[in-house]
Structure formats: structure tokens, C-alpha cells
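Quick note: residue numbers are just sequence positions, from 1.
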Amino acid sequence: MPNEHTVRAAVAKPVPSPVLLKSYRALPDDSSLNNINVNTASSPVQNGLHVPEKGKTENPEGENPQAETHPPNMGEDRCALWTVRRDGEVQLRMEKFGFGSELPMTVHQFMRDSVIKYGGYMALGTKKEKEWHMLSYREYYNECWRAAKSFLKLGLERFHGVGILGFNSAEWLIADIGAIFAGGLAVGIYTTNSPDACEYVLNHSQTNILVVENEIQLNKILQVKEKLSYLKAIIQYRGQIKEKMPDLYSWDEFIAMGASMPDEPLEEILESQKPNQCCTLIYTSGTTGQPKGVMLSHDNITWTSGMATSSLTLSSPPDHQEVVVSYLPLSHVAAQMMDIWLPMKIGGTTYFAQPDALKGTLSMTLREVRPTAFLGVPRVWEKMQEKMKEAGAASSSFKKKVATWAKSVGLQKNVKRMNGCGKVMHGCRNLIHQKDEEGVGEVCFWGRHVFMGYLDMEDKTREAIDEWGWLHSGDLGKMDSSGFLYITGRIKELIITAGGENVPPVPIEDLVKEKIPIISYAMLVGDKAKFLSILLTLKCEVNLDTGEPQDELSPEALEFCQNLGSNSKKVSDIINGRDPLVYKAIEKGIEEVNREATSNAQKIQKWMILEKDFSIVGGELGPTTKLKRPVVAKMYQEQIESFYQ
């Protein structure tokens with residue numbers, strides 16, 4: 001019987017291949033399949049392995065999804081699909097054939113394989129005093145080995161945390177991987193976290209060792225140090241330590257510490273590690289409560305990395321070496337996959353951006369490094385587009401024609417390269433749960449990429465992983481006939497009007513920004529109200545040192561005003577004078593958005609321009625520039641209430 005920490009899979013009827021070695025219980029009955037669409041990476045057999053055919057959709061909607069939903073028999077040794085214990089083990093969701101049958105491996109085995117293949121190739125690039133300092137894969141591995149021994153020397157215990165609080169750097173990656181080698185749990189912490197938020201994560205993860213970037217982050221920790229029950233040592237990897245104190249070490253002191261320690265203790269730990277054990281904790285943003293510790297196994301990381309590089313058709317040396325720029329917070333799983341694990345799988349090079357990358361210096365790093373693969377959050381792409389428009393506006397007509405031609409050629413080439421992007425990753429299964437009349441429902445996942453569970457949070461884990469083993473993402477989406485997945489919003493973000501209609505806000509907000517180029521952020525409101533309203537901010541200049549939005553309009557916003565015949569140069573000019581030309585243009589844009597609404601309930605009735613743009617430092621945006629809706633709703637409660645008075 002299951003204990004309080006686990007849920008077990010049950011036996012199901014056999015079905016045609018692909019067959020899972022250990023799987024999940026069948027859905028209750030065929031009638032429950034009416035609202036489910038499954039997309040599974042099954043493919044033709046070549047040399048005994050299932051290989052996807054180029055240009056073909058993998059099980060598009062309409063090709064007997066019901067047969068794919070029923071799971072096969074499970075193996076004799078019934079094992080838990082999830083756990084909330086830091087030392088727990090989970091059933092690996094392996095398949096007999098195809099991409100899901102890849103041999104499981106630990107992070108150490110994964111990196112060792114990369115060193116064997118790409119040892120002499122450059123792995124990491126760090127800019128110091130205008131020069132790029134490079135580490136090869138062999139040097140990278142040796143640094144991780146030294147860090148692991150030093151962590152053990154400092155008293156790191158098995159399945160206890162190594163917290164990392166700082167901007168992306170080679171030291172960040174070495175500490176992360178070294179912690180995993182040493183049998184600990186790598187724990188990234190957002191640099192924007194308050195002292196209290198850091199305290200919660202460090203205690204919840206039972207962190208023994210904390211790695212901080214500089215004096216600013218150190219001082220944050222010193223405010224709560226007496227409350228950190230498990231902390232044994234702190235390491236500072238940038239800047240001089242101004243005041244020596246017990247158990248505080250510089251990075252050089254830390255790396256040197258394990259030199260006198262024999263290799264055998266570390267080798268024993270590495271030998272004992274299993275692919276189905278936890279090695280990394282990713283903490284959620286905690287917007288609606290305390291952060292949850294997402295437990296990732298070795299196999300979650302190593303298998304997903306392999307499948308992602310295959311799905312993205314990334315290249316490896318000696319044919320070609322991919323280049324990425326690390327700038328998004330490494331405490332976020334997407335950044336870890338893109339900056340640490342995918343490059344390691346294919347022998348790519350990771351260059352580190354400057355700490356003020358998201359404040360404006362990212363473009364300089366991109367021009368210098370010229371990455372071959374790039375992960376951008378929506379706001380980053382928008383900023384790039386704005387800069388291109390600014391440059392275009394200042395160009396001659398001939399240069400504009402050349403640029404337009406060049407962009408069209410580049411677009412055509414990349415559209416061809418992305419053929420198949422947006423489909424289910426190799427070896428994974430997706431379904432749309434409880435679809436509405438438009439085919440929109442909750443996106444659910446099955447595969448070896450599904451996380452182990454939330455650390456010490458059984459109720460939250462049961463909410464996320466259902467009794468059949470499907471991970472409920474909380475995302476709303478739909479599949480088209482070609483097997484492409486479209487994300488339309490988040491369930492928690494849904495606005496339910498007084499009339500009971502569900503309204504996903506993101507598509508409407510995106511359309512507002514498209515129709516009205518002066519708009520920076522748009523946030524739809526109207527939950528339980530008779531109609532929808534929207535809060536708007538204007539594009540403005542940003543202080544590169546603080547990241548704080550300024551009163552001066554951005555060049556694109558200035559051009560927008562000038563084209564209208566407006567003399568406004570600041571946000572305050574527009575708001576205080578209720579600039580009639582700008583307000584009329586915004587009203588016209590809202591009318592255009594409303595003409596595309598699917599129903600009257602989805603039309604915007606009232607709108608308001610806020611005095612300041614949203615920002616990370618202002619609290620409206622998360623570390624990846626994602627809108628924190630509950631925070632904004634609370635900050636602008638008075639303005640929102642005024643819509644409905």
C-alpha cells in the first residue's frame with residue numbers, strides 16, 4: 001500500500017506499442033475520453049528504434065487518440081510515480097522502444113560523457129576586464145570535481161541544499177554541478193528575493209552551504225543568518241570580502257579547500273547515486289503563497305536535455321559548435337536547461353552576459369558573441385523589435401528597403417528551420433483535458449520530463465499529478481490538426497465575468513499591444529464584474545543602473561506621438577494633459593481589438609493609463625519579466641475599483 005509520501009500506479013490493459021515499461025492506470029471509462037486529445041511521440045521503426053520522419057506530424061488529432069490514451073501493463077516491481085521526500089526515489093516513465101527508452105544516467109555520467117566527446121572544446125566564456133576568459137569542457141569538469149570535494153569538506157550532507165544566490169556566472173554553474181556531484185541538492189535563489197524570502201527557501205531546502213555573488217547578497221543573508229537552522233558555511237564568488245567572519249570564504253579559498261581531501265569519499269557518493277533520485281530544487285515564484293520546491297531527478301535533467309537537443313536539431317562538434325548567451329535567472333528551470341544542460345549534451349559554448357543584461361546591456365553581448373541559439377522571454381523579443389524599429393526610423397529609404405528585404409529572407413529561412421517547432425517533444429505525451437467547444441482545455445503531460453513532486457508538500461503534489469500519473473500544467477491550450485500546441489493562458493489567470501463567461505486575458509492583452517504600439521504592458525481586469533477593463537502603461541526610457549522606468553518616452557513612443565502630431569515627450573505630458581491625440585489613438589486601438597472579440601463579454605469597456613511602467617524593481621514583474629497579476633491588482637486596487645463605481 002502507498003505510504004503518506006507516495007502514490008503508486010495500478011495495472012491497466014495492454015495496448016499497441018509504444019509500450020511503457022512501467023506506466024499509469026487507465027482512465028475510468030471510454031466516455032471520459034471525449035474531452036481529451038493525446039499527442040504522443042510514436043514513430044516508424046528503423047534498426048529496431050522508433051525514429052521520427054522529417055516533415056511528418058507525430059499522431060495528429062483525429063488519428064485514433066483513444067487507443068493512445070489507454071496505458072499498457074505495468075511491471076512487477078510497482079514503484080511510486082512521485083515522492084515528496086528529499087531522499088525518495090520514483091518510477092522512471094520509460095518506454096520499450098523509441099526516444100523514451102534511452103538509458104537513464106546521472107548528472108555525473110552525463111557530464112563525463114560530454115568531457116569524453118568534447119573535452120578540448122570551449123564550454124564557458126566569462127568577460128573580465130574586456131577580455132573573454134574561457135574554460136574547456138575538461139577544465140569545467142575538473143572545477144566541478146574540486147567544488148564537490150570542497151562542499152564535502154565543509155560538511156554538506158546527502159540530499160541537503162547548496163543554495164546559489166547571484167547572477168549567472170561560471171561559478172554559478174560549477175557550484176550547481178559540484179553540489180550535485182557531492183550528493184546535495186542544487187538550489188537556485190532569485191537575486192530579487194527579500195531576506196525573508198531567502199530565509200524560507202534556505203530552511204525549506206535544508207541548505208548546508210550558501211554561495212552568494214557579492215557583498216549585496218551577503219548582507220541580505222546576514223540579516224537572517226541566525227534563523228538559518230541548517231547553514232554551515234557561506235562562499236562569496238565575486239568581489240573582496242570586506243569583513244572576515246567565521247565560516248565565510250572567498251571562491252578561491254573554497255576551491256582550494258578540497259585539494260587535501262582524497263577522491264574516494266566523492267567517488268563513493270557518485271557510485272551510489274541513481275537516476276531516479278532528486279538532484280535539483282527549482283523554487284516557484286511564490287506569487288500566490290509560499291514558494292514550492294520542485295524536485296528534479298537526475299533523469300529529469302539528463303533525459304530531457306537529450307530529447308530537447310534532438311527536437312531542436314542542435315548541432316555538435318566537430319561539425320558545428322552551438323553558442324548560447326546566459327542572461328535569464330538560473331534559478332528558473334528554462335535558463336538552466338538552455339544554459340547548462342543543453343550545451344553540455346551537444347558540446348556547446350555558454351557565454352555569460354553582464355549582470356545588468358535585462359536593463360539594457362544584453363544587446364551588446366549578443367552583438368559580440370553572436371549566439372547560434374537564443375531563448376528569449378516575450379519582453380526581450382519586444383525590446384529587440386523596438387530597437388530595430390528605432391534604427392529603421394533613422395535610416396534612409398534605401399536602407400529601409402534593404403533591411404525589409406533582409407528581414408523577409410531571414411524570416412523565410414527560420415520558418416523553414418522551425419518546421420515541427422511547437423509539437424510534442426520526442427518521447428513525451430500531451431493531452432488536452434476537459435476541452436471546451438473551441439478545443440481549449442488544460443494541457444497535461446506524461447513522460448520522463450515530469451518532475452518528481454513538490455518537496456514536503458503532498459497535497460500540492462496530488463493537485464499537480466493526478467491518479468493516472470498525468471501532470472496538470474495549469475496552462476490552457478489547444479491542438480491543431482497538424483499536432484501543434486497553442487498556449488492560450490493560465491487557468492489561474494482566467495477572468496470569469498459576472499455572466500459566467502471564461503475570458504483568457506493574455507490573447508486580448510497581446511492584441512492591445514499589437515494594435516497600439518505605444519503600450520508597454522496591458523493587464524485585463526474584470527473578474528466577477530459585469531464587463532472587462534484594462535490597465536495600460538506606456539513605453540518609456542529605463543534607468544540602466546536601477547532598472548527603474550523613467551518619465552521620458554521611449555524613441556518608439558516618441559515616434560508614435562510625432563506621427564499623430566502630438567508634442568508629448570513624457571509619460572506625464574500625456575497623462576496630466578490627457579493628450580487628446582494620444583487618447584483618441586488608444587481609444588481607436590481598443591475599438592479595433594473589440595471588433596475581433598469572440599463575444600460581447602470579451603470586449604473592453606473601460607481603460608486607464610498608469611503613471612509608471614511595470615518593472616522588476618517596482619514589484620509588478622517577476623525575475624523573468626512575467627506579469628505578477630495578484631501584485632498588480634493589489635497595488636492598483638483603487639484604480640480598478642474606479643472602473644466599476
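Side-chain atoms of Glu131 never come within 3.5 Å of backbone atoms of Lys128 as a donor-acceptor pair (strictly under, hydrogens ignored). Of the possible polar contacts, one joining the Asn142 side chain to the Arg138 backbone as a donor-acceptor pair under 3.5 Å is found. Side chain of Lys220 to main chain of Val224: no donor-acceptor pair is present (N/O by atom type, distance under 3.5 Å, no hydrogens or angles). A donor-acceptor pair under 3.5 Å is absent between the side-chain atoms of Arg146 and the main chain of Met257, judged by distance alone. In this structure a side-chain-to-backbone donor-acceptor pair under 3.5 Å is present from Gln273 to Ile180. One N or O on the side chain of Glu620 and one on the backbone of Ser615 form a donor-acceptor pair closer than 3.5 Å. Side chain of Trp303 to backbone of Glu102: no donor-acceptor contact under 3.5 angstrom is found. Side-chain atoms of Asn300 come within 3.5 Å of backbone N or O of Ser297 as a donor-acceptor pair. Judged purely by atom type and a 3.5 angstrom limit, Thr280 has no side-chain atom pairing as donor or acceptor with the backbone of Ala186. Within the 3.5 Å criterion, the main-chain N or O of Met261 finds a donor-acceptor partner in the side chain of Lys149.
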Mind running side chain to side chain donor-acceptor pair (under 3.5 Å) on Asp263 and Trp145 for me, showing each step along the way? CA-CA 9 Å; Asp263 289 338; Trp145 184 272; 3.2 Å; yes
Please test Ile234 against Tyr249 for side chain to side chain contact (heavy atoms under 4.5 Å, CB included), starting from the C-alpha separation and ending with a verdict. CA-CA 6 Å; Ile234 301 175; Tyr249 306 91; over 6 Å; no
Under the criterion ring pair (Phe, Tyr, Trp, His ring centres under 6.0 Å), I'd like the reasoning laid out for Phe110 against His298: C-alpha separation, chi angles, the key distance, then a yes or no. CA-CA 9 Å; Phe110 182 76; His298 291 262; over 10 Å; no
Working for salt bridge (Lys or Arg N to Asp or Glu O under 4.0 Å), residues Glu157 and Lys232: CA-CA 11 Å; Glu157 301 171 59; Lys232 298 180 180 181; 3.1 Å; yes
Output, in order, the C-alpha distance, side-chain angles, deciding distance and verdict of side chain to side chain contact (heavy atoms under 4.5 Å, CB included) for Trp251 and Gln236. CA-CA 6 Å; Trp251 182 259; Gln236 182 177 320; over 6 Å; no
Check the pair Tyr237, Glu213 against side chain to side chain contact (heavy atoms under 4.5 Å, CB included), reporting the backbone distance first and the verdict last. CA-CA 5 Å; Tyr237 66 83; Glu213 178 183 1; 3.5 Å; yes
Walk me through it: do Met457 and His204 pass the test side chain to side chain contact (heavy atoms under 4.5 Å, CB included)? CA-CA 11 Å; Met457 293 184 178; His204 187 258; 4.2 Å; yes
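Under the 4.5 Å side-chain criterion, counting only non-hydrogen atoms from C-beta, Tyr351 is in contact with Met134. Residues Asp87 and Gln277 have side chains not in contact (no heavy-atom distance under 4.5 Å, counting atoms from C-beta outward). Counting heavy atoms from C-beta outward, Asn219 and Leu222 have side chains that approach closer than 4.5 Å. Annotation: side chain of Leu202 is in contact with side chain of Ile189 (closest heavy-atom distance under 4.5 Å). Using a 4.5 Å cut-off on side-chain heavy atoms (C-beta onward), Val294 and Val333 make no contact. Under the 4.5 Å side-chain criterion, counting only non-hydrogen atoms from C-beta, Lys274 is not in contact with Thr106. Counting only heavy atoms from C-beta outward, the side chains of Phe181 and Met111 approach each other to under 4.5 Å. Between Asn208 and Leu231 there is no side-chain heavy-atom pair separated by less than 4.5 Å.
Under the 30°/60° scheme for interplanar angles, the aromatic rings of Tyr141 and His108 are found to be tilted. Aromatic ring orientation, Tyr140 versus Tyr137: tilted (interplanar angle from 30° to 60°). Aromatic ring orientation, Tyr327 versus Phe374: parallel (interplanar angle below 30°, classes split at 30° and 60°). Ring pair Phe151/Phe254 is tilted by interplanar angle, where 30° to 60° counts as tilted.
Here the SG-CD distance, from Cys278 to Glu89, works out to 11.5 Å after rounding to the nearest 0.5 Å. Annotation: the span from Leu185 atom CG to Arg158 atom CZ amounts to 9.5 Å, rounded to 0.5 Å. Between the CD1 atom of Ile301 and the CZ atom of Arg448 there is a distance of 13.5 Å, given to the nearest 0.5 Å. For the atom pair CG of Asp356 and CG of Leu362, the computed distance is 10.0 Å after rounding to the nearest 0.5 Å. From Glu215, atom CD reaches atom CD of Glu243 across 9.5 Å, with rounding to the nearest 0.5 Å. The distance from atom CD1 of Ile282 to atom CE of Met295, rounded to the nearest 0.5 Å, is 12.5 Å.
Counted by atom type alone, Glu322 and Thr372 present one or more donor-acceptor pairs between their side chains at under 3.5 Å. Side-chain contact annotation: Glu368 with Trp132, donor-acceptor N/O pair under 3.5 Å present.
Outside the 6.0 Å centre-distance limit, the rings of Phe445 and Trp470 are not counted as a close aromatic pair. Checked against the 6.0 Å centroid criterion, the rings of Tyr190 and His332 do not qualify as a close aromatic pair.
Enclosure of atom NZ in Lys242 is not indicated, since only 12 or fewer non-hydrogen atoms of other residues, nucleotides or ligands lie within 6.0 angstrom.
Residues passing the side-chain contact (heavy atoms from CB on, under 4.5 Å) test with Pro318 are Tyr121, sequence neighbours excluded. The side chain to side chain donor-acceptor pair (under 3.5 Å) check on Ser205 picks up Thr207, with sequence neighbours excluded.
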For a quick test of your reading: what N or O donor-acceptor pairs under 3.5 Å do the side chains of residues 335-344 make, sequence neighbours left out?
{"from": "Gln336", "atom 1": "NE2", "to": "Leu330", "atom 2": "O", "distance (Å)": "2.9"}
{"from": "Asp339", "atom 1": "OD2", "to": "Ser326", "atom 2": "OG", "distance (Å)": "2.8"}

